[in-house]
Amino acid sequence: MHAPETRAHRRHMVAAQLAKRRIRDRRVLAVMARVPREWFLPPHLYRDAYRDMPLPIGNGQTISQPYIVALMTASLAPRRRDRVLEIGTGSGYQTAILAHLVTGGRVYTIERLPDLLVEAEERFRRLGLTNIDTRLSDGAVGWRAEAPFDAILVTAAAPTVPLPLLEQLAPGGRLIIPIGDLGAQELMIYRRTPEGLEERRAGSVRFVPLISRFAFADREWR
């Protein structure tokens, strides 16, 4: 998994794109310096793997900009034994980052597009990641049979937080989701406390829509 031919590119990405933008979580930086981003891209985009930008992965979806992956992961603050729910497997890059951080826990990831999920599952096998469970489903419904979750990360935008996800968040759990519409979105971080939900903003972002009866209808984005 070390991909020595791109090790220098990964280290430069971490130093220039992440650390300089105040990503301070050493575990997140170390994992992102380790996981080969090019393995999660179509072959014709390998040379662009460490550019400071999102890239297309097919089916109208994208792999997020490295900084956004790092920001969301650091904000989620996954602990080694956490049970993490990811909504939107996509290429599987964010999933792999999470799996390396919760080595004593599990990542449950949901994707609605079968082609993307099959490709991501093959990448997980190639990387030897055995603490990931996958599901083809409407992500906004969550995964009730495996709830509650210590952390929930949503990699698509919704107008509001889907209620099923809030119901599946454990006490003390963290949930990160882009909230907004096609024109403007804010990355929101929620934490369940005894008093209710705490929330804070982590900046403007732009994600593909979360297609679901709990978020956006497919026709709204065509």
Side-chain angles (χ1 to χ4, degrees), residues 25 27-28 31-32 35 64 68-113 116-117 120-121 123-124 127 129-179 185-202 205 207-216:
D25 189 313
R27 295 179 65 227
V28 172
V31 168
M32 293 193 66
V35 177
S64 292
I68 294 298
V69 173
L71 174 64
M72 293 182 76
T73 307
S75 299
L76 195 69
R79 298 173 295 241
R80 296 185 191 279
R81 296 187 178 277
D82 276 355
R83 295 165 56 83
V84 180
L85 176 64
E86 179 194 36
I87 308 305
T89 313
S91 70
Y93 180 64
Q94 174 73 79
T95 322
I97 297 297
L98 292 169
H100 279 289
L101 292 168
V102 296
T103 51
R106 293 199 73 79
V107 178
Y108 300 85
T109 184
I110 302 175
E111 174 57 56
R112 71 180 185 90
L113 298 172
L116 290 183
L117 188 59
E121 288 171 337
R123 292 173 181 129
F124 302 151
L127 288 164
L129 296 172
T130 58
N131 62 335
I132 298 173
D133 291 311
T134 62
R135 186 179 190 182
L136 184 67
S137 180
D138 175 352
V141 175
W143 199 327
R144 195 169 297 276
E146 299 294 346
F149 299 100
D150 302 298
I152 300 176
L153 187 149
V154 184
T155 63
T160 59
V161 183
L163 182 59
L165 299 185
L166 288 177
E167 292 173 342
Q168 294 172 41
L169 187 64
R174 294 85 61 206
L175 186 154
I176 296 183
I177 181 172
I179 297 293
Q185 301 162 14
E186 186 81 13
L187 188 61
M188 300 297 299
I189 304 169
Y190 298 92
R191 187 169 71 90
R192 184 178 296 286
T193 72
E195 292 75 33
L197 277 181
E198 289 181 351
E199 69 171 57
R200 64 184 178 92
R201 300 170 183 267
V205 291
F207 278 79
V208 297
L210 179 62
I211 304 300
S212 168
R213 59 193 173 95
F214 291 102
F216 292 107

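Keep in mind it's a predicted model, so treat the numbers as computed, not measured.
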Over all atoms of both residues, closest heavy-atom pair of [X] and [Y]:
X	Y	value
Val161	Tyr190	CG2-CE1, 3.5 Å
Gly142	Leu85	CA-CD2, 4.1 Å
Val141	Pro164	O-CB, 3.5 Å
Trp143	Asp133	CZ3-O, 3.7 Å
Val102	Pro78	CG1-CB, 3.9 Å
Ser64	Val69	CB-CG2, 3.8 Å

For [Y], is there any backbone N or O sitting under 3.5 Å from a side-chain donor or acceptor partner on [X]?
X	Y	answer
Ser212	Asp138	no
Arg106	Thr130	yes
Thr134	Ile110	no

Hey, could you give me the [atom1]/[atom2] distance between [X] and [Y], rounded to the nearest 0.5 Å?
X	Y	atom1	atom2	value
Leu165	Phe149	CG	CZ	9.5 Å
Leu101	Arg79	CG	CZ	12.5 Å
Glu199	Ile177	CD	CD1	12.0 Å
Asp150	Arg81	CG	CZ	12.0 Å
Arg191	Leu169	CZ	CG	10.5 Å
Ile152	Leu166	CD1	CG	7.5 Å

Problem set entry | Inter- and intrachain pairs under side-chain hydrogen bond (donor to acceptor under 3.5 Å, both in side chains), touching residues 166-178, at least two apart |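 For residues 166-178: Asp82-Arg174, Arg144-Glu167.
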
Is there a side-chain contact between [X] and [Y] (heavy atoms, below 4.5 Å)?
X	Y	result
Phe124	Thr89	yes
Glu111	Glu121	no
Pro162	Leu210	yes

Problem set entry | Counterpart residues, side-chain hydrogen bond (donor to acceptor under 3.5 Å, both in side chains), relative to Arg123 (two or more places apart) |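 For Arg123, no residue satisfies side-chain hydrogen bond (donor to acceptor under 3.5 Å, both in side chains) once neighbours in sequence are set aside.
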
For this session: Check salt bridge (charged side-chain N to carboxylate O under 4.0 Å, His left out) between Arg135 and all other residues, then give those that pass, not counting sequence neighbours.
Result: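 Per chain and number, Arg135 pairs via salt bridge (charged side-chain N to carboxylate O under 4.0 Å, His left out) with no residue.
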
Problem set entry | For Glu186, all residues meeting salt bridge (charged side-chain N to carboxylate O under 4.0 Å, His left out), sequence neighbours excluded |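 Per chain and number, Glu186 pairs via salt bridge (charged side-chain N to carboxylate O under 4.0 Å, His left out) with no residue.
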
For this session: Please name all residues satisfying side chain to side chain contact (heavy atoms under 4.5 Å, CB included) with Pro159, sequence neighbours left out, ordered by chain then number.
Result: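 With sequence neighbours excluded, Pro159 shows a side chain to side chain contact (heavy atoms under 4.5 Å, CB included) to Ala215, Phe216, given in chain and number order.
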
Problem set entry | Option passing side chain to side chain contact (heavy atoms under 4.5 Å, CB included) with Ile176 (candidates Val154, Thr155, Leu187) |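 Of the listed options, the one satisfying the test is Leu187.
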
For this session: Quick one: which residue pairs count as a salt bridge (charged side-chain N to carboxylate O under 4.0 Å, His left out) with a foot in residues 83-93, not counting sequence neighbours?
Result: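 For residues 83-93: Arg83-Glu146.
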
